[in-house]
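Just below is one structure, and these are the notes that go with it.
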Protein chains: 2
Amino acid sequence: MTTKATSIDIAYRAGVSQSTVSRALRNSPLVNEETRLRVQAIAKELNYKVDKNASNLRTQSSLTLALLLCEDPTNDDSLINPFFLSMLGSITRATAQQGYDLLVSFQQLSSDWHADYEDSNKADGIILLGYGDYMDYEEKLNKLAAQNTHLVIWGPAQHKSSVLSIGCDNRQGGVLATEHLLAKGRRHIAFLGDASSHSPEFQARYLGHQQALKAAGVPLQKGLQVDAISTESSGFEAASQLLAQKRPFDAIFAASDLIAIGAMRALKEQGIKVPEDVAIVGYDDIPVASFANPPLTTIKQNTKLAGEILVESLLKQIKGQEVSNQLIPTSLIERESCGKKL
Amino acid sequence: MTTKATSIDIAYRAGVSQSTVSRALRNSPLVNEETRLRVQAIAKELNYKVDKNASNLRTQSSLTLALLLCEDPTNDDSLINPFFLSMLGSITRATAQQGYDLLVSFQQLSSDWHADYEDSNKADGIILLGYGDYMDYEEKLNKLAAQNTHLVIWGPAQHKSSVLSIGCDNRQGGVLATEHLLAKGRRHIAFLGDASSHSPEFQARYLGHQQALKAAGVPLQKGLQVDAISTESSGFEAASQLLAQKRPFDAIFAASDLIAIGAMRALKEQGIKVPEDVAIVGYDDIPVASFANPPLTTIKQNTKLAGEILVESLLKQIKGQEVSNQLIPTSLIERESCGKKL
DNA sequence: CTGAAAGCGCTTACAG
DNA sequence: CTGAAAGCGCTTACAG
């Protein structure tokens with residue numbers, strides 16, 4: 001193994017032309033079966049692999065997808081949102097299943113990631129996984145779409161945006177959570193999470209919450225909504241603030257599991273029992289949820305399916321097929337934070 | 001933006017040759033400052049990006065690293081070991097920092113991953129992150145090393161292997177854990193984790209445990225070691241088995257946080273209090289650890305540093321520089337599962 | 001079924 | 001400082 005074998009080496013050994021080698025290796029029906037087998041045997045023996053740079057250059061495609069994880073710059077610790085990590089896993093798998101490679105990159109929202117990957121022919125398309133506040137980069141996104149970049153983003157579809165979006169149905173998840181709490185007999189349900197348009201996901205969950213309340217004829221109490229971002233400490237803060245209000249409540253719908261866990265800590269410190277005094281539902285079903293105390297009932301986003309759809313849609317777009325935004329349904333995972341199963 | 005601009009388009013507009021464009025874009029000192037600026041301005045205007053396939057083909061390098069995550073096939077759910085996820089994050093960052101791209105791939109140990117990436121010129125080198133039992137693929141690894149593949153693996157250095165290894169100092173971590181338990185006055189310390197050579201990491205931790213015991217003059221009780229793999233349920237099983245033995249113990253050193261958490265569940269179910277009755281130390285410091293109840297004291301592996309060293313070493317190897325195996329020190333994170341801080 | 005040839009878009013000696 | 005030319009290793013019309 002001194003130097004890498006090329007198709008010419010194989011051609012020489014097999015006594016055929018380099019073109020034939022290329023055809024044989026790609027299983028072209030044009031080439032004689034016997035020749036093909038001979039060529040393939042020699043290729044295997046020499047441990048030959050097609051040079052991707054050469055073939056990509058020639059075919060002008062890369063069989064590679066780029067995944068851009070846009071992180072919240074505030075959180076500069078090497079800690080990644082566990083939900084994203086789970087998405088990363090499923091996207092990697094789905095990409096491999098389709099015979100593509102995956103280039104992964106972490107980006108600050110601020111940086112000039114726009115199209116670097118596709119423009120330089122490193123990837124055929126881009127998947128963008130970003131945090132909450134899409135408004136910041138909506139402009140960039142639209143510009144990209146206008147340039148015919150192949151791009152799919154994870155998240156709620158934006159009204160004015162023409163970018164292909166795949167996301168979970170946050171409103172439906174919100175409905176599910178609140179319906180569950182209602183079914184457990186709770187009537188004073190607090191919502192922990194930013195409900196402004198800067199967090200479209202959380203906002204949609206809150207909207208679902210309101211919808212379920214309305215459907216059940218239970219009045220919404222605005223005072224029971226407290227802002228929080230998706231961290232344990234923010235959840236702790238929000239719950240403490242809620243408690244300080246002295247406004248009675250018997251349940252919490254937390255916009256994320258991390259918030260729920262922080263909230264549970266705050267409740268425990270004040271001697272409030274979960275689920276006896278306050279029932280609680282989270283959102284995401286991150287691994288920690290099942291280890292919480294008590295194990296957390298939560299809304300699960302199907303990351304496996306999401307990854308598959310993301311990759312599938314992007315590939316369709318690349319091939320010029322019709323694609324449309326999709327909303328993936330969520331499901332409720334019942335554990336013990338809302339009391340005994342019904 | 002109809003079609004992608006090439007260096008020829010720029011040459012045409014700038015009124016220079018394509019060679020000069022190439023030089024100007026690479027900031028070659030050979031080219032006149034004024035020309036360079038003009039060319040770069042036009043490139044920017046046309047949104048030009050160097051075609052990676054072409055330049056890689058020409059230079060025979062890819063500025064890309066491949067990360068192979070070899071998963072335990074038993075665990076076919078989309079759940080990835082949280083520790084690996086954390087490594088993935090830090091490797092991605094370290095790679096980007098060095099100006100390289102990262103190709104990520106999940107592999108079954110069984111599959112023929114060997115060198116696909118480097119052989120096909122998609123990557124300049126490979127980082128292998130695998131689960132416990134390296135013996136299964138040691139042969140493959142040695143073959144690769146013999147082929148001059150640029151490769152670095154995460155894990156304990158193997159005696160007979162010539163493969164570059166970077167890993168945490170598991171023995172030292174074991175010493176740390178047991179010393180801490182000893183300092184808390186515990187004398188009957190159980191060890192939960194496979195201590196055979198099939199799990200070299202766990203085995204090294206167990207060896208560290210023994211070493212600390214010996215240094216303190218506390219006799220090792222072999223009966224207090226129970227096998228477990230790194231899952232919550234296996235930890236639960238192991239602790240249950242330990243309890244069933246009726247051999248008294250006042251502390252547990254779990255070979256991983258997941259095992260520790262499962263063990264805590266088993267203890268709780270039997271009404272045994274942590275840390276009053278039994279103190280417990282885990283290993284890894286995965287995110288769940290701090291949310292456990294009580295928060296888990298554990299041995300932290302510095303994944304940020306590990307990722308950096310992994311990438312750095314691989315790059316050195318690629319450049320033909322001297323490299324050697326490295327052991328990264330661990331540290332103890334004290335929380336509440338061993339009682340009050342001293 | 002097979003071969004000779006062009007060309008993907010760069011980088012880099014070589015000559016001036 | 002600049003240009004003409006070769007060549008990285010493939011794929012694929014084109015001709016036979």
Side-chain angles (χ1 to χ4, degrees), chain A residues 2-40 42-43 46-64 101 116-124, chain B residues 2-40 42-43 46-64 101 116-124:
Chain A
T2 54
T3 175
K4 232 157 249 177
T6 72
S7 56
I8 300 215
D9 300 330
I10 298 178
Y12 179 76
R13 295 222 193 185
V16 295
S17 75
Q18 183 265 332
S19 332
T20 299
V21 170
S22 177
R23 287 193 195 98
L25 293 174
R26 322 193 80 241
N27 288 316
S28 160
L30 286 176
V31 53
N32 181 300
E33 164 106 21
E34 199 190 325
T35 324
R36 204 193 73 221
L37 293 174
R38 185 153 42 92
V39 168
Q40 291 181 344
I42 296 175
L46 295 186
N47 209 341
Y48 170 81
K49 294 276 159 36
V50 171
D51 184 309
K52 279 298 165 193
N53 290 317
S55 68
N56 290 344
L57 173 58
R58 180 54 230 243
T59 58
Q60 293 295 80
S61 77
S62 65
L63 290 185
T64 298
D101 286 317
D116 254 28
Y117 287 91
E118 196 178 328
D119 278 356
S120 59
N121 269 354
K122 281 192 271 191
D124 297 336
Chain B
T2 55
T3 174
K4 233 158 247 177
T6 72
S7 57
I8 300 216
D9 300 330
I10 298 178
Y12 178 76
R13 296 221 192 186
V16 295
S17 75
Q18 183 265 331
S19 334
T20 300
V21 170
S22 177
R23 287 192 195 98
L25 294 174
R26 324 194 79 240
N27 287 317
S28 158
L30 286 176
V31 53
N32 182 300
E33 163 107 19
E34 200 191 324
T35 325
R36 203 192 74 221
L37 293 174
R38 186 154 40 94
V39 168
Q40 291 181 345
I42 295 177
L46 295 187
N47 210 339
Y48 170 81
K49 295 275 158 38
V50 172
D51 184 308
K52 279 296 165 193
N53 290 317
S55 69
N56 290 344
L57 173 59
R58 181 53 230 244
T59 58
Q60 293 293 80
S61 77
S62 65
L63 290 184
T64 298
D101 285 317
D116 252 28
Y117 288 92
E118 197 178 329
D119 278 356
S120 59
N121 270 354
K122 281 192 271 191
D124 297 335

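Only a predicted model underlies this, so the values are computations on that prediction, with no experimental measurement involved. Letters A, B, ... mirror the listed sequences (proteins, then strands); counts begin at 1.
Within a 6.0 Å radius of CG in B/Leu37, other residues, nucleotides and ligands contribute more than 12 heavy atoms.
Put simply, CG on A/Asn56 is 14 Å from C1' on D/dC8, counting in whole angstrom units. For the pair B/Ile8 CD1 and C/dT11 P, the interatomic distance rounds to 12 Å; values are reported in whole Å. Here the P atom of nucleotide D/dC8 and the CZ atom of B/Arg58 are 8 Å apart, to the nearest Å. Taking atom CG on B/Leu30 and atom C1' on C/dT11, their separation rounds to 12 Å, with Å as the unit. Here the P atom of nucleotide D/dC8 and the CG atom of A/Asp9 are 12 Å apart, to the nearest Å. At whole-Å resolution of the value, NZ in B/Lys49 and C1' in C/dG9 are 16 Å apart. The CG-C1' distance, from B/Asn53 to D/dT11, rounds to 14 Å in whole Å. Between A/Glu33 atom CD and C/dT2 atom P the separation is 11 Å, expressed in whole Å.
For the OP1/OP2 pair of D/dT2 and a distance below 4.0 Å, the side-chain nitrogens and oxygens of B/Thr35 include at least one atom meeting the criterion. In this model, the phosphate group of D/dC10 is approached by a side-chain N or O of A/Ser7 to a distance below 4.0 Å at OP1 or OP2. Taking only side-chain nitrogens and oxygens, A/Arg26 comes nearer than 4.0 Å to OP1 or OP2 of D/dT11. Close to D/dC10, at under 4.0 Å from its OP1 or OP2, lies no side-chain N or O of A/Ser55.
Contact of the A/Tyr48 side chain with the A/Asp9 side chain is not registered, since no non-hydrogen atoms from C-beta on lie closer than 4.5 Å. Counting heavy atoms from C-beta on, the side chains of A/Leu46 and A/Arg13 come closer than 4.5 Å. Using a 4.5 Å heavy-atom threshold, the side chains of A/Arg36 and A/Val39 count as separate.
With D/dG9, C/dC1, C/dG9 as the candidates, the nucleotide lying closest to the side chain of B/Asp51 is C/dG9. The side chain of B/Ser19 lies closest to C/dT12, out of C/dT12, C/dG9, D/dT2. Candidate nucleotides C/dT11, C/dT2, D/dG9 were compared by shortest atom distance to the side chain of A/Leu57, and D/dG9 ranks first.
In the interface, the side chain of A/Arg23 is paired with the base of C/dG3 through a donor and an acceptor atom under 3.5 Å apart.
Both A/Thr20 and B/Ala54 lie close to DNA chain D; mapped to their nearest nucleotides by heavy-atom distance, the more 5′-ward contact belongs to B/Ala54. In terms of position along DNA chain C, the nucleotide closest to A/Gln18 lies nearer the 5' end than the nucleotide closest to the other residue of the pair A/Gln60 and A/Gln18.
With rounding to the nearest 0.5 Å, the separation of CG in B/Asp51 from OG in A/Ser62 is 10.0 Å. Remark: B/Thr20 OG1 to B/Ile10 CD1 distance equals 12.5 Å, nearest 0.5 Å. Interatomic distance, CD of B/Gln60 versus CG of A/Asn53, reported as 7.5 Å (0.5 Å rounding).
Only the C1' atoms considered, D/dT12 is 16 Å distant from D/dG16, to the nearest whole Å.
A/Asn27 and A/Gln40 form a side-chain donor-acceptor contact under 3.5 Å, judged by distance and modelled atom types alone.
Here B/Thr6 lies in heavy-atom contact (under 4.0 Å) with sugar-phosphate atoms only.
In DNA chain C, consecutive stretches of 3 or more Watson-Crick or G-U wobble pairs with both distances under 3.5 Å are given as paired ranges: C:1-3 with D:14-16, C:5-12 with D:5-12, C:14-16 with D:1-3.
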